[in-house]
Amino acid sequence: MLALFDLDNTLIDRQGAMEDWARGFVRSRGLDKGAQSVICERLRDRAYPADFVHLRTTLGLNDDSDALWREYVVGIARSVRCFPGVREGLGALRGDGWTLGIATNGAGDIQRTKLAAAGLAGYFEGICVSEEVGARKPAREHFEAAAALCGLRLSAGGWMVGDNPETDIEGAGAVGLRTGWVAHGRAWADGLRRPDIVVSDVAEAIAAMRQAES
């Protein structure tokens, strides 16, 4: 059975890591407190090298934008942590014979760096990053690529677990995958395809998936 997982704010606490990095960066450059809000808003959903071209100008920095991007990648790797129970849950799925994959939007270098830094890369047969495959969730092509990287086809079915209602749940449901939404205390929005399960974290999602497929 295939199980695909989103990365940011599903398996790992990207928001917390990004805020930690922004605080340290502002201190290191002697910037005013408003700079942290500017950085966090710009990088709230995703971070790419082009964002640091923008931030360099907006914040009046002298650093080369490529150097800023590298500093961010290294800094996030130091700060990122996976959520409680993630490793144990993934290990249990693998022990049950599931095939695990990552389906994430973002830049290849930072997504892979975060996976490795959190100690999660070894759990997955396939890692599908939108920049590397040329298709972003919720596009069908992204999920097809994720399944193929795991050596499977979407037609065989499976699950997708993520925190984003549109890209993770709506997108995966549209291609025939069962879905688990990590709600983080939010209510489901009307008008969207409802997830098969609503959970508070990935550990709960994995327990529900194992029970559903047992």
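As the structure is a prediction and not an experimental result, all values here were calculated from the model.
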Completion exercise
Between D163 and the options L11, I169, V202, D168, the side-chain contact (heavy atoms from CB on, under 4.5 Å) test singles out D168
Practice task
Answer yes or no: are there more than 12 heavy-atom neighbours, outside R193 itself, under 6.0 Å from its atom CZ?
Solution key: yes
Handout entry: The single option from V199, L93, V86, D201 passing side-chain contact (heavy atoms from CB on, under 4.5 Å) against I206
Key = L93
Handout entry: H54 and R42: CA distance, side-chain angles, deciding distance, side-chain contact (heavy atoms from CB on, under 4.5 Å) verdict
Key = CA-CA 9 Å; H54 171 87; R42 181 71 187 190; 3.6 Å; yes
Handout entry: Flag, side chain of E204 to backbone of S200, donor-acceptor distance under 3.5 Å
Key = yes
Problem - Check ion pair E132-R112 (N to O, under 4.0 angstrom) - result: yes
Exercise for the section: Measure the SG-CG distance between C150 and L2 for me, rounded to the nearest 0.5 Å. Expected result: 5.5 Å
Problem - Flag, side chain of H184 to backbone of T10, donor-acceptor distance under 3.5 Å - result: no
Problem - Nearest atoms (heavy-atom pairs only) where P165 meets L192 - result: CB-CD1, 3.7 Å
Exercise for the section: Measure from the side-chain N and O atoms of S130 to the backbone N and O of A135, and report whether any donor-acceptor pair falls under 3.5 Å. Expected result: no
Exercise for the section: Answer whether the closest heavy-atom distance between the side chains of D6 and M160 falls below 4.5 Å. Expected result: yes
Problem - Test side-chain contact (heavy atoms from CB on, under 4.5 Å) applied to M1 - qualifying residues, sequence neighbours left out - result: W98, W159, E213
Completion exercise
Heavy-atom closest pair (I197 atom, A205 atom, distance to 0.1 Å) is CD1-O, 3.9 Å
Exercise for the section: Taking only Lys NZ, Arg NE, NH1 and NH2, and the carboxylate oxygens of Asp or Glu, determine whether R14 and E19 approach each other closer than 4.0 Å. Expected result: no
Practice task
Establish, from distance only, whether the side-chain atoms of Q111 and T104 form a donor-acceptor pair under 3.5 Å.
Solution key: yes
Exercise for the section: Quick one: pull up CE in M18 and CD1 in I39 and give me the separation to the nearest 0.5 Å. Expected result: 9.5 Å
Practice task
Have a look at W69 and tell me which of D51, D109, D63 forms a side chain to side chain donor-acceptor pair (under 3.5 Å) with it.
Solution key: D109
Practice task
Find out if a path of hydrophobic residues (ILVMFWY) with successive side-chain heavy-atom gaps under 4.5 Å connects L4 to L7.
Solution key: no
Exercise for the section: Check whether any side-chain N or O of R81 sits under 3.5 Å from a backbone N or O of D13 as a donor-acceptor pair, and report yes or no. Expected result: no
Exercise for the section: For I110 and Y72, work out which heavy atoms get closest and say how close. Expected result: CD1-CE2, 3.1 Å
Exercise for the section: Report yes or no: do Y123 and V182 belong to one cluster of Ile/Leu/Val/Met/Phe/Trp/Tyr joined by side chain heavy-atom distances under 4.5 Å? Expected result: yes
Handout entry: Rounded distance [0.5 Å steps], CG in N164 versus CG in D45
Key = 8.0 Å
Handout entry: Partners meeting side-chain contact (heavy atoms from CB on, under 4.5 Å) with A35 (sequence neighbours left out)
Key = V26, L31, D32, L59
Handout entry: Nearest-0.5 Å distance that lies between atom SG in C40 and atom CD in Q15
Key = 7.0 Å
Practice task
Flag yes if L100 and V133 sit in one hydrophobic cluster, no otherwise; membership is Ile, Leu, Val, Met, Phe, Trp, Tyr, and two members link when side-chain heavy atoms are under 4.5 Å apart.
Solution key: no
Practice task
Flag the pair L43 / F52 as yes when at least one side-chain heavy-atom distance between them is below 4.5 Å, and no otherwise.
Solution key: yes
Problem - P138 and E166, any side-chain heavy atoms less than 4.5 Å apart - result: no
Practice task
Establish whether W188 and V198 are linked, either directly or via other cluster members, by ILVMFWY side-chain heavy-atom contacts under 4.5 Å.
Solution key: yes
Handout entry: Validation row: S28, F25 side chains within 4.5 angstrom (heavy atoms)
Key = yes
Exercise for the section: Verify, without hydrogens or angle tests, whether S37 (side chain) and K33 (backbone) share a donor-acceptor contact under 3.5 angstrom. Expected result: no
Exercise for the section: First locate atom CD of E71, then atom CD1 of I76, and finally report the distance between them rounded to the nearest 0.5 Å. Expected result: 11.0 Å
Handout entry: Full working for salt bridge (charged side-chain N to carboxylate O under 4.0 Å, His left out) between E125 and R94
Key = CA-CA 10 Å; E125 279 75 26; R94 284 177 62 92; 2.8 Å; yes
Problem - Sub-4.5 Å side-chain heavy-atom contact between R87 and C82 - result: yes
Practice task
Find out whether Q36 and R23 are in side-chain contact, i.e. whether some heavy atom of one side chain is under 4.5 Å from a heavy atom of the other.
Solution key: yes
Practice task
Decide yes or no for I12 and K114: does some side-chain heavy atom of the first lie under 4.5 Å from some side-chain heavy atom of the second?
Solution key: yes
Handout entry: Check: L55 main-chain N/O paired with T58 side-chain donor or acceptor under 3.5 Å
Key = no
Exercise for the section: May I ask whether L90 and M209 are part of the same hydrophobic cluster, defined by side-chain heavy atoms of I, L, V, M, F, W, Y residues being less than 4.5 angstrom apart, directly or through others? Expected result: yes
Handout entry: Considering all heavy atoms, the nearest A146-A103 contact
Key = CB-CB, 4.2 Å
Practice task
For atom CZ of R29, decide whether the heavy atoms of other residues, nucleotides or ligands shown that lie under 6.0 angstrom number more than 12.
Solution key: yes
Problem - Over 12 foreign heavy atoms within 6.0 Å of CD, E88 - result: yes
Completion exercise
Closest non-hydrogen contact found for A172 with T179 is CB-CG2, 3.8 Å
Problem - Residue pair S65 / V53: nearest heavy atoms and the distance that separates them - result: OG-CG2, 3.6 Å
Problem - Polar side chain donor-acceptor pair, W181 to D196, under 3.5 angstrom - result: no
